[in-house]
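Report on the structure given below.
Keep in mind it's a predicted model, so treat the numbers as computed, not measured.
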Amino acid sequence: MERWKGRVALVTGASVGIGAAVARVLVQHGMKVVGCARSVDKIEKLAAECQSAGYPGTLFPYKCDLSNEEEILSMFSAIKTLHQGVDVCINNAGLARPEPLLSGKTEGWRTMIDVNVLALSICTREAYQSMKERNIDDGHIININSVLGHIYQCAKQAHFYCATKHTVTALTEAIRQELRELKSHIRVTSISPGLVETEFAYRCFENDPSIAATLYKSIKCLDPGDIANAVLYALGTPPHVQVHEMIVRPTEQAN
């Protein structure tokens, strides 16, 4: 990670869970981290904690609704003005709505597409363009995917979410191929966690939190720090090493 000291990373969905854990660990390793979310109160608190701990990097909170392309573009413009550009893009933001295919609400499907697919794609495009403008050829794009982006058997409430994560799997490979065609050495990695105990399921099942509680009690879940460590591994490999896909499951998880 030595070569990343002083470089700029964008972490989307940085207020809680995996995003907050990734932001913290990158600051610990000396990076300038722009952490974005719709609400930045928790990111501001995390930034203060990182400063108090004496970490060599810095966390910069940025308020951004990733379902709004104009806000994403404004964020990248601000990053260019303040930090020259992005060297590492961690597409972590994602959400699920319990909307089955045969009875779900279109609004829930659209929200998942906007954040899980379109925001990831827009951030990837803008991060690449930022790197290209500055002749950065060793940048890294990391998509926080899901094990559900690789399997087909899941609860009906997760079918549409599962489809968005299969899209992320396909997009990651497509990005890799486009970078190869351009003879670029920018790398792209998909990290696909299994069950991680965060606020994710509670937000999905906000009308019945007991579903989330039961899910997280069913096995020994992963911790957000486990995924942050996977991000560190991918970033820390030599520039000629392409860690394309990492699936990280709890040992007790079946699928």
Side-chain angles (χ1 to χ4, degrees), residues 1-5 7-31 33-37 46 50 55 57 59 86-96 116 119-120 123-124 127 138-151 161-162 164-173 175-176 179 186-201 216 219-255:
M1 288 295 293
E2 188 69 24
R3 69 190 178 89
W4 293 113
K5 283 188 176 180
R7 310 275 302 266
V8 179
L10 169 65
V11 180
T12 67
S15 60
V16 295
I18 293 171
V22 171
R24 179 190 293 272
V25 79
L26 295 182
V27 172
Q28 281 181 296
H29 283 80
M31 296 194 75
V33 179
V34 177
C36 79
L46 178 58
C50 290
Y55 295 157
L59 176 58
V86 172
D87 303 308
V88 173
C89 180
I90 313 287
N91 288 310
N92 165 75
L95 53 82
N116 298 359
L120 177 147
C123 286
T124 296
D138 66 341
H140 206 139
I141 297 161
I142 297 180
N143 297 328
I144 304 301
N145 195 349
S146 169
V147 68
L148 293 181
H150 304 275
I151 64 173
Y161 171 76
C162 181
T164 67
K165 289 303 183 177
H166 275 270
T167 303
V168 172
T169 300
L171 286 171
T172 303
E173 172 61 10
I175 294 163
R176 186 181 76 85
L179 289 169
I186 295 169
R187 298 182 293 172
V188 60
T189 299
S190 164
I191 297 177
S192 298
L195 194 57
V196 185
E197 188 168 1
T198 65
E199 295 183 10
F200 186 88
Y216 288 142
I219 61 172
K220 172 63 177 174
C221 298
L222 298 174
D223 180 87
D226 297 323
I227 307 307
N229 286 334
V231 169
L232 285 183
Y233 173 76
L235 282 173
T237 54
H240 70 282
V241 176
Q242 172 86 298
V243 180
H244 182 56
E245 177 64 58
M246 297 174 65
I247 297 178
V248 186
R249 288 185 177 93
T251 53
E252 298 175 11
Q253 184 169 340
N255 294 323

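When side chains are defined from C-beta on, Thr237 counts as touching Arg187, because their heavy atoms get closer than 4.5 Å. Using a 4.5 Å heavy-atom cutoff, the side chains of Leu222 and Val248 are in contact. Here the side chains of Val25 and Leu232 are in contact, with some heavy-atom distance below 4.5 Å. The closest side-chain heavy-atom distance from Val88 to Arg7 is not below 4.5 Å. At a threshold of 4.5 Å between non-hydrogen side-chain atoms, the residues Val188 and Gln242 count as touching. Proximity of Thr198 to Val16: side-chain heavy atoms (C-beta onward) are nowhere separated by under 4.5 Å.
Partners of Thr124 under the side-chain hydrogen bond (donor to acceptor under 3.5 Å, both in side chains) rule, at least two apart in sequence or in another chain, are Asn91. Residues satisfying the side-chain contact (heavy atoms from CB on, under 4.5 Å) criterion with Gln253, sequence neighbours excluded, are Val147, Leu195, Ile219, Pro250. Applying the ring-ring contact (aromatic ring centres under 6.0 Å, His included) rule to Tyr216 yields the partners Tyr202; only residues at least two apart in sequence or on another chain are considered.
Nearest heavy atoms, Arg249 versus Ile151: NH2-CG2, 4.3 Å. When every heavy atom of Ala234 is checked against every heavy atom of Met246, the shortest pair comes out as CB-SD, 4.4 Å. Between Thr12 and Ala93, the shortest heavy-atom distance links the atoms OG1-N, 2.9 Å. Closest non-hydrogen pair, Val243 versus Tyr233, comes out as CG2-CE2, 4.1 Å. The two residues Asp138 and Trp4 make their nearest non-hydrogen contact at O-CH2, 3.2 Å. Residues Lys165 and Leu148 come closest through the heavy atom pair CB-C, 4.2 Å.
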* To do: Applying side-chain contact (heavy atoms from CB on, under 4.5 Å), run through His244 and Thr172 and close with a yes or a no.
  => CA-CA 8 Å; His244 182 56; Thr172 303; 3.8 Å; yes
* Steps toward side-chain contact (heavy atoms from CB on, under 4.5 Å) verdict (Asn143, Leu120) -> CA-CA 8 Å; Asn143 297 328; Leu120 177 147; 3.6 Å; yes
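For the atom pair CZ of Arg3 and CE of Met1, the computed distance is 8.5 Å after rounding to the nearest 0.5 Å. Taken to the nearest 0.5 Å, the CD1 atom of Ile144 stands 12.5 Å off from the CG atom of Asn116. Within the model, atoms CD1 of Ile227 and OG of Ser192 stand 9.5 Å from one another, a figure rounded to the nearest 0.5 Å. To the nearest 0.5 Å, atoms CE (Met31) and NZ (Lys5) are separated by 12.0 Å. Considering CZ of Arg176 and CD of Glu245, their distance stands at 11.5 Å, rounded to 0.5 Å. Interatomic distance, CG of Asn92 versus CG of Asn145, reported as 11.5 Å (0.5 Å rounding).
Of the possible donor and acceptor atoms, none in the side chain of Asn229 sits under 3.5 Å from a partner among the backbone N and O of Asp226. Judged by distance alone, with hydrogens and angles left aside, the side-chain atoms of Ser190 form no donor-acceptor pair with the main-chain N or O of Thr169 at under 3.5 Å.
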